[in-house]
Amino acid sequence: MSILSLCVRKALVDPKPATSSYPQYCNRRNRVLSFASWPPLYHQQPDAFAEAGFFSLGIDRVACFHCGKTLVNWVVEAQPWKEHARHSPSCRWLLEQKGKDFIDQVTKEYSSSEDILDIKTVLLDGSGNILDVFEKYPNYCSESARRATFKTWPIPHPQRPLDLAQAGFISRGIEDHVECFYCGVILGNWEPQYDPWQEHARHSPRCLWLLKQKGQCFIDDVTKKYDSLQNSHMPTKKDGHHKPSRESAYLIIFAKYTKYCFKGSRRESFSNWPVDHRQRIGTLAQAGFFSSGVGEQVKCFYCGETIVYWDPRKEPWEEHAQYSPTCKWLLHEKGQHFVDEVRKKYVSHYSN
């Protein structure tokens, strides 16, 4: 058998340890298939998790097929192999795959680091149900402690601190930005019609505290509701494109420039914007752009796409879709149909 065929064999089927916690996932392919419903926004992809021995348990949970270690709350910087070694250094399968030197190096790296990533271990029962969760801000587990953070909340404001605190939020002391004490999702730009529980479920459906409080049926209903609204955005007769969707906060941990996640911050970045372009500031900020401070250069706060020279005749949302059609924030706000229509329009224009 050739070296190449040996490598391929090893990549597809892992040796089956005698004491695997989940023997049905000894096969790497089965682990990959378990991620069929894995949220697309995650920076860690199914292949990377499967390679490191993990399969999906749903709702931000992955588990090692051999040692059974279950981890949640994956942040951008987290690397599956390293998190496996960090949380389960005694896993025999991990030792066989990566070796003792790798595990020792990871252990040393994290023991000397002051900036520990917020990956958490979840305590499960025999059926995979959550027995306990581990919050990001343990001091705010109680509703009364969360209410106390709203002392500087803007008054008047369409949202009551009591309702926000009940839905798991604490005030960040910046405009009307709030953060979930458990999952850390940050939301803002609140309007009277927004329901805190539904906004929590819409923007952080994987929050385990939310799951424990409201149940999976509630989260699924909210997700379906907003998916339906997004899909129902049809082109208008006037311009052939989507009407702008509402401005809302997004998962800030995924944004490239978190400072500009909120429209107000993006507007403020245009203080030195050329006078003859001032009328475009509102629409640029609405479309996710902020000024880089260099001439007329603008950047998307989420994907980082840079437009060096801004043509005032251009429509910001369309420019965003033309130059960065895979930006997940753009897709979240405008939908795939809008992006496809814009791309089709530009392809048609340049081919004529």
Side-chain angles (χ1 to χ4, degrees), residues 39 41 59-60 72-73 75 118 120 130 132-230 245-255 257-268 285-286 288 301-302 329 332-333:
L41 282 174
I59 320 171
D60 194 23
V72 300
N73 200 42
V75 295
D118 200 26
K120 301 181 179 70
I130 302 170
D132 200 4
V133 297
F134 304 89
E135 58 285 331
K136 185 174 182 180
Y137 300 109
N139 292 338
Y140 297 112
C141 286
S142 70
E143 183 185 318
S144 60
R146 296 195 293 274
R147 287 203 308 267
T149 66
F150 288 87
K151 292 178 180 178
T152 59
W153 189 245
I155 298 176
H157 192 277
Q159 292 291 338
R160 298 191 308 164
L162 174 62
D163 297 331
L164 291 164
Q166 286 178 343
F169 293 114
I170 59 175
S171 172
R172 303 186 75 231
I174 304 173
E175 299 182 9
D176 66 350
H177 304 179
V178 297
E179 183 171 4
C180 170
F181 83 98
Y182 173 71
C183 67
V185 67
I186 302 174
L187 304 179
N189 302 313
W190 293 89
E191 297 291 343
Q193 68 270 26
Y194 301 165
D195 176 84
W197 282 112
Q198 289 193 20
E199 292 299 302
H200 198 161
R202 179 191 179 194
H203 293 284
S204 186
R206 298 172 298 279
C207 175
L208 296 179
W209 180 82
L210 174 68
L211 175 67
K212 202 170 185 181
Q213 299 298 311
K214 303 295 283 185
Q216 188 62 49
C217 287
F218 172 80
I219 296 173
D220 290 344
D221 286 345
V222 171
T223 301
K224 289 177 183 177
K225 171 186 173 181
Y226 283 103
D227 283 347
S228 176
L229 288 174
Q230 187 71 39
S245 61
R246 71 182 182 88
E247 171 72 14
S248 60
Y250 203 48
L251 292 178
I252 286 181
I253 59 171
F254 297 118
Y257 299 97
T258 57
K259 178 181 178 181
Y260 297 109
C261 279
F262 296 95
K263 187 171 67 174
S265 300
R266 298 196 292 273
R267 286 184 64 94
E268 292 173 1
Q286 182 79 18
F301 82 95
Y302 188 84
W329 181 82
H332 175 270
E333 293 296 308

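Throughout, numbering of the chain's residues begins at 1 and tracks the sequence.
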Closest approach of [X] and [Y], non-hydrogen atoms and distance?
| X | Y | answer |
| --- | --- | --- |
| L164 | V178 | CD1-CG1, 4.2 Å |
| A201 | F218 | CB-CE2, 3.9 Å |
| H200 | A167 | ND1-O, 2.8 Å |
| T149 | S171 | OG1-N, 2.9 Å |
| L211 | Q216 | CD1-OE1, 3.2 Å |

Item to check | Partner set under side-chain hydrogen bond (donor to acceptor under 3.5 Å, both in side chains) for Q159, not counting sequence neighbours | outcome: none

Next on the checklist: Could you work out, with side-chain hydrogen bond (donor to acceptor under 3.5 Å, both in side chains) as the rule, every residue matching D221, not counting sequence neighbours?
Outcome noted: none

Test of understanding: with side chain to side chain contact (heavy atoms under 4.5 Å, CB included), list the residues that count as partners of [X], not counting sequence neighbours.
| X | value |
| --- | --- |
| A145 | Y140, S142 |
| T152 | none |
| E143 | R146, R147, L162, A165, Q166 |
| D195 | W197, Q198 |

Item to check | Pairwise salt bridge (Lys or Arg N to Asp or Glu O under 4.0 Å) hits with a residue in residues 151-167, at least two apart | outcome: R160-D163

